[in-house]
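Report on the following structure.
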Amino acid sequence: MLGILGTLLLVVTVGGVILINVVGGATNQARGLADDFTRLIIAGDVTNAYENYLDPALKEKLSQEEFTLGVQGLGLDGSCKPIYSSVNVRSKDGSNSADVAGSIDCDTKRVELVYRFEGLQELKMVSIRLRPQS
C-alpha cells in the first residue's frame, strides 16, 4: 500500500515538474520573441523585424512600407525599453499561441504594445498593436 502511494506521489510530482517546465519554456520563448522583435524596431531595423517575425498572412494585410512608416512615426529612440505586463501562452491540437502585452517606455513617451504569435513549430506574429499613450 505504501509502495503504491509512493509511486503515485512520484508520478504526480514528476508530472508537475514537466508541466511547469513546458509552460515556463513556452512563456520564455514568447517573451524572447517579443523582446527580440521590439528591440529591432527600437533600433530602427524594421526590415529585419518585418521579414523575420511577421506571419505571411499578416504581411498580406500590412505591407512593409506601411509597417515601416508606422514604426518610424512612433519616434522610438535609444532611451526606449520594453516592459511586458502579461505573457499568456496556450497550446491546442498541436497549435501554439502567445499573447504578449505591455509597453515601450521611453524618456519622453510611452507606447502600448500588444502582440499575438501563433504557429506549430515556430511562432510568428499574426497581429500587432503599437499605440502611443498620452
**Message:** Filter on ring pair (Phe, Tyr, Trp, His ring centres under 6.0 Å), then keep only pairs touching residues 96-123, sequence neighbours left out; what's left?
**Reply:**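 Residue pairs passing ring pair (Phe, Tyr, Trp, His ring centres under 6.0 Å), neighbours aside: Phe37-Tyr115.
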For the atom pair [atom1] ([X]) and [atom2] ([Y]), what is the distance rounded to the nearest 0.5 Å?
{"X": "Leu62", "Y": "Ser127", "atom1": "CG", "atom2": "OG", "value": "11.0 Å"}
{"X": "Asp45", "Y": "Glu51", "atom1": "CG", "atom2": "CD", "value": "11.0 Å"}
{"X": "Arg116", "Y": "Leu123", "atom1": "CZ", "atom2": "CG", "value": "10.5 Å"}
{"X": "Leu113", "Y": "Ile128", "atom1": "CG", "atom2": "CD1", "value": "8.5 Å"}
{"X": "Asp55", "Y": "Glu122", "atom1": "CG", "atom2": "CD", "value": "9.5 Å"}
{"X": "Leu40", "Y": "Tyr53", "atom1": "CG", "atom2": "OH", "value": "5.5 Å"}

Nearest heavy-atom pair of [X] and [Y]: which atoms, and what distance?
{"X": "Ala30", "Y": "Val87", "answer": "CB-CG1, 3.9 Å"}
{"X": "Phe67", "Y": "Val46", "answer": "CE2-O, 3.5 Å"}
{"X": "Leu76", "Y": "Cys106", "answer": "CD2-SG, 4.1 Å"}

Look at the side chain of [X] and the backbone N and O of [Y], then say whether any donor-acceptor pair between them is shorter than 3.5 Å.
{"X": "Asp35", "Y": "Arg31", "value": "no"}
{"X": "Gln133", "Y": "Arg131", "value": "yes"}
{"X": "Lys124", "Y": "Leu58", "value": "no"}
{"X": "Lys109", "Y": "Ile104", "value": "no"}
{"X": "Ser79", "Y": "Asp107", "value": "yes"}
{"X": "Glu66", "Y": "Ser63", "value": "yes"}

**Prompt:** Gln64 and Thr47: side chain to side chain donor-acceptor pair (under 3.5 Å), yes or no, with the steps?
**Reply:** CA-CA 7 Å; Gln64 186 169 349; Thr47 300; 3.2 Å; yes
**Prompt:** Can you find a heavy atom in the side chain of Thr38 that is under 4.5 Å from one in the side chain of Lys81?
**Reply:** no
**Request:** Quick one: do Arg90 and Ser97 satisfy side-chain contact (heavy atoms from CB on, under 4.5 Å)? Show the steps, please.
**Result:** CA-CA 5 Å; Arg90 288 174 298 289; Ser97 64; 3.8 Å; yes
**Asked** Does the side chain to side chain donor-acceptor pair (under 3.5 Å) test come out yes or no for Ser95 and Asp93, once each step is laid out?
**Response** CA-CA 6 Å; Ser95 180; Asp93 300 327; over 6 Å; no
**Asked** Would Leu130 and Ile41 satisfy side-chain contact (heavy atoms from CB on, under 4.5 Å), going step by step from the backbone distance to the final call?
**Response** CA-CA 11 Å; Leu130 294 169; Ile41 63 171; 3.8 Å; yes
**Message:** Check for me, please, whether Tyr50 and Leu74 land in the same ILVMFWY cluster - side-chain distances under 4.5 Å, paths through other members count.
**Reply:** yes
**Message:** Starting from Val111, can I reach Tyr84 by hopping between I/L/V/M/F/W/Y residues whose side chains sit under 4.5 Å apart?
**Reply:**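 Yes, because Tyr84 and Val111 connect within a single hydrophobic cluster, where side-chain heavy atoms sit under 4.5 Å apart.
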**Asked** With the threshold set at 4.0 Å, does a side-chain nitrogen-carboxylate oxygen contact exist between Asp105 and Arg110?
**Response**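 So Asp105 pairs with Arg110 through a salt bridge.
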